[in-house]
Amino acid sequence: MIVTRAADGVTVGPAPRHPERTALAEAAGALLTWDVVDPAALPSATIHDVGRAAGWLWELYGADVAAAVPAATQAGADVAAAPADQRIVEAVRTLAHLAWAEAWWPASALAGVPALDQDLLRAERAVAAAAVEHLLDDDEAVERALAAAAMPHQHPELAAELAAVAEDYGVALPAAAGTPGRAGLALAAGGRGDGAGVLVARGSTQVSWAAVPPGVVDAAAEAGWTIRRTGDHTVVDVSVPAAPDPRARTATLRARFGPVEVPLEPVRDDRFTGTAPIPAAALLLPAAEWAAVVYAPAVADAPDQVHPEDAARRTAIVAAARARLSATHATRTERAAGQAAP
Amino acid sequence: MSSRGGTTLDAAARVSRGQLLAQAWALLGPGVAPLGNASGRPLVRTVRLILDPLVLRPVLNPRFAGTTIAAGDAADLTARISAAGPVLTATAAWFLLVKQARRRAGVTDGNPQDRHFQHCYELAHQHGHPDDVPRAAELADAVVAEARAATGRVTAAAVRAHVVDPAHAEELARLLDAAWSDREPLGAAPEPPRQLDDLLATCATAPDEQAWAALVDGRHGSRDAAHLEPPGSAREHGLTDRTSVERPGLGDAASKRRLPKPFDRSILERLFAGAATGHAIEGDVAESVRAEIGRSARPWQLAGEPGRVVLALGRAAAPALDDSDVRRAADDARSRLRSRWRREAYVHRVLRLPQAEAAVVPDELRAEVRGVRAVYLRRLWVRLHGRELRGQDVDSGLCWDLLDGVLRSVILDQRDRLRSALSRAATETRS
């Protein structure tokens with residue numbers, strides 16, 4: 001791996017460039033990252049406190065990399081990594097991928113990616129944090145993870161491990177409420193442009209993941225929009241498929257179409273839909289601005305359109321997630337979702 | 001770049017303490033597993049509560065302190081851990097028994113590592129391995145029962161009973177009057193002395209002991225408190241909601257959810273906040289109340305000069321958090337704190353947390369993200385006050401752990417609150 005001195009520390013390997021494909025664990029003195037789309041055996045490290053990181057660099061990367069870090073130069077050196085303990089690598093990787101999955105898991109009915117069970121995710125995170133608590137930045141990481149966890153009785157193996165961790169840290173855990181009636185994976189039926197009136201224009205717009213909370217909008221879907229004239233006024237209809245995730249039912253979304261704000265109604269037929277009158281002047285917008293930009297007012301107030309290159313990256317992330325559902329190195333939370341899916 | 005206690009010049013001759021501990025630990029065998037994590041490493045608290053204070057004693061053996069130690073001392077460190085093998089193995093066995101005793105007693109709260117590690121070590125020292133001790137289970141039951149009993153401990157309920165007892169009211173009111181009318185004048189607010197800068201430049205790696213001694217002996221921490229005197233100043237520093245600091249009341253109620261800013265807390269609330277952290281406060285209730293009354297009238301409303309010096313350090317370092325102009329060495333405490341604060345913006349994006357501007361973020365939290373300096377100093381005060389209540393000293397070696405640990409705790413707390421704001425927003429809209 002390339003060990004380089006940078007402006008504010010030392011890097012081991014290149015960090016992923018995009019937040020939505022970054023699996024992150026915060027170690028003592030360093031950020032550890034994996035690229036979810038192009039996963040390496042070992043994480044990249046951005047080390048900001050060489051002294052603290054020395055406590056675990058040797059076990060994650062081996063003695064040669066550990067020795068190369070304090071001696072790193074701006075020119076960089078290629079040093080072979082040889083992890084001293086594979087169990088530690090695996091626990092850190094689990095922790096990092098669960099952090100990614102909690103934030104970015106692209107649940108999608110269209111792409112066949114089922115939602116993750118959030119109770120399993122939190123349970124597995126607490127177990128993984130406890131396994132490597134000696135190298136984490138937060139000296140109360142296990143307590144913090146336990147505070148969010150509940151006993152996942154749907155997964156006896158994980159439940160037993162979590163119970164042991166909870167006892168070791170003196171935390172009494174509630175039972176998980178269970179995932180209430182999971183949304184199915186069935187493709188949502190049509191729905192756009194079926195209102196009355198004369199069709200003026202129709203199109204579809206990508207949804208920015210960062211503009212909506214996790215688990216709300218189908219990660220592979222686009223927002224469909226239709227402009228139609230009825231009588232003497234013009235309206236825009238917007239419709240976007242919901243994620244196959246229970247959290248989608250409790251979200252509030254809007255779409256911005258030029259100057260028009262379109263409130264999107266609660267999920268119906270697994271879609272968010274809304275209609276709003278549109279001033280005639282809006283029809284004079286340049287074609288590039290004919291877009292329904294979906295966002296959650298709770299998390300974003302100035303949503304951007306999605307760049308074409310972002311769309312390609314997202315396709316790759318969805319494919320990577322789908323592959324993780326049955327991959328042996330994936331987290332138990334991901335594999336459980338893969339087994340439960342039809 | 002230097003690491004604590006060493007520089008790159010002798011990097012080759014220094015070894016990671018964490019690595020030595022892990023390797024020495026592994027040689028102790030499966031008997032110590034109950035004191036380790038699933039990766040076979042000693043638990044953070046095994047190091048903090050057993051190996052450091054009872055086996056390695058870095059205060060007495062400075063060569064065993066720091067994140068790296070001299071290669072020449074490595075064999076000694078390993079030998080010390082090996083020599084402690086039997087007592088550590090016995091400690092681990094006692095810990096298993098104590099956990100069983102907790103289960104029998106139905107105790108599920110309170111971290112058993114915090115509560116019992118040192119008791120288990122004492123049992124191991126006194127009695128050896130529990131397998132050789134008849135009635136070991138009874139001893140373990142006694143440890144659990146003793147930890148549950150509140151005798152000799154300052155609890156929130158006991159403090160409240162003492163403070164609201166009419167029999168004490170007159171005496172306590174008189175003490176509070178006397179303490180506040182005898183307040184020492186603070187003098188003019190001092191310019192930051194050179195040693196403050198020296199200590200901030202070195203505390204993250206190898207603390208400048210002379211600078212620390214000069215600041216403590218010169219009572220710089222106390223004198224620095226004069227900066228809180230001008231109207232509005234203590235409020236800007238996050239320590240009160242009032243324009244000027246007022247004498248606290250004794251108080252008759254306290255709630256963890258509605259604790260006022262530190263200087264606005266009643267005597268009862270101050271002790272309650274300390275007792276509510278889950279870390280036991282040993283001592284006599286009446287004495288603790290008297291001490292808290294005295295403390296409230298002292299500079300920074302703390303009793304000890306070292307703690308006040310750390311607050312002066314924090315006050316000097318806090319502006320660096322959102323100050324991007326000044327260039328300092330990478331290992332300077334101010335650079336490192338700013339780097340942690342800036343790193344958090346990246347972590348926020350990776351974790352898909354809402355920006356501070358988002359509607360889902362409550363106004364109070366948004367104000368705290370933007371006014372991190374005041375939140376930082378407030379949390380530092382709370383940490384130092386808690387240490388005083390538990391009788392924990394502050395020394396130069398702890399400066400950086402305190403300055404950095406408090407910022408980490410502020411950041412992680414803000415993250416947790418952002419997450420819960422997000423999930424609350426999701427569930428409230430439909431209910």
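Here is how names work: the chains are called A, B, and so on, in the same order as the sequence lines, proteins then strands, and each is numbered from 1.
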Name the region of [X], side chain, backbone, both or neither, that has any atom closer than 4.5 Å to a heavy atom of chain A.
X: B/Arg349; result: both
X: B/Arg342; result: neither
X: B/Asp416; result: side chain
X: B/Asp413; result: backbone
X: B/Pro34; result: neither

Taking every non-hydrogen pair under 4.5 Å, which of [options] racks up the most with chain B?
options: A/Arg87, A/Glu143, A/Glu20, A/Arg144; value: A/Arg144
options: A/Asp137, A/Ile88, A/Asp85; value: A/Asp137
options: A/Ala103, A/Ala84, A/Ala130; value: A/Ala103
options: A/Leu24, A/Val142, A/Leu136, A/Asp139; value: A/Asp139
options: A/Glu102, A/Glu26, A/Glu140, A/Glu161; value: A/Glu26
options: A/Ala7, A/Ala148, A/Ala72, A/Ala131; value: A/Ala131

Of all of [options], which one pairs up most often with chain A through heavy atoms under 4.5 Å apart?
options: B/Arg45, B/Arg17, B/Arg115, B/Gln355; answer: B/Arg45
options: B/Ser39, B/Ser16, B/Pro354, B/Ala359; answer: B/Ser39
options: B/Ser335, B/Ala22, B/Ser409, B/Gly110; answer: B/Gly110

- Task: Just say parallel, tilted or perpendicular for the rings of B/Phe117 and B/Phe95, cut-offs at 30° and 60°.
- Result: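 Perpendicular.
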- Aromatic ring pairing A/Trp100/A/His97, orientation class (parallel under 30°, perpendicular over 60°, tilted between):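 Perpendicular: the ring planes of A/Trp100 and A/His97 meet at over 60°.
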Does any heavy atom of chain B fall under 4.5 Å from the side chain of [X], the backbone, both, or neither of them?
X: A/Asp138; answer: both
X: A/Leu31; answer: side chain
X: A/Trp58; answer: side chain
X: A/Glu59; answer: side chain
X: A/Pro214; answer: both
X: A/Trp209; answer: both
X: A/Glu133; answer: both
X: A/Val212; answer: both
X: A/Arg21; answer: neither

Would a distance-only check, ignoring hydrogens and angles, find a side-chain to backbone donor-acceptor pair under 3.5 Å from [X] to [Y]?
X: A/Arg125; Y: A/Ala99; answer: no
X: B/Thr46; Y: B/Leu35; answer: yes
X: B/Trp25; Y: B/Ile81; answer: no

Within-4.5 Å side-chain heavy-atom neighbours: [X] and [Y]:
X: B/Trp400; Y: B/Leu337; answer: yes
X: B/His348; Y: B/Arg415; answer: yes
X: A/Ile47; Y: A/Val69; answer: yes
X: B/Phe64; Y: B/Leu21; answer: no
X: A/Leu60; Y: A/Val65; answer: no

- Message: For A/Arg313 and A/His18, which I'm curious about, is there any donor-acceptor pair between the side chains at under 3.5 Å?
- Response: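 Indeed, the side chains of A/Arg313 and A/His18 share at least one donor-acceptor pair under 3.5 Å.
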How close do [X] and [Y] get, heavy atom to heavy atom, and via which atoms?
X: A/Ala25; Y: A/Ala96; answer: N-CB, 3.9 Å
X: A/Leu253; Y: A/Val216; answer: CD1-CG1, 4.0 Å
X: A/Thr46; Y: A/Ala15; answer: OG1-CB, 4.4 Å
X: A/Ala53; Y: A/Gly29; answer: CB-O, 4.4 Å
X: B/Leu20; Y: B/Ala74; answer: CD1-CB, 3.7 Å
X: B/Pro58; Y: B/Ala65; answer: CB-CB, 3.7 Å

- Item | Interface residues of residues 162-172 of chain A facing chain B - heavy atom cut-off under 4.5 Å |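 Counting heavy atoms that sit under 4.5 Å from chain B, the residues of residues 162-172 of chain A involved are A/Glu167, A/Asp168, A/Tyr169, A/Gly170, A/Val171, A/Ala172.
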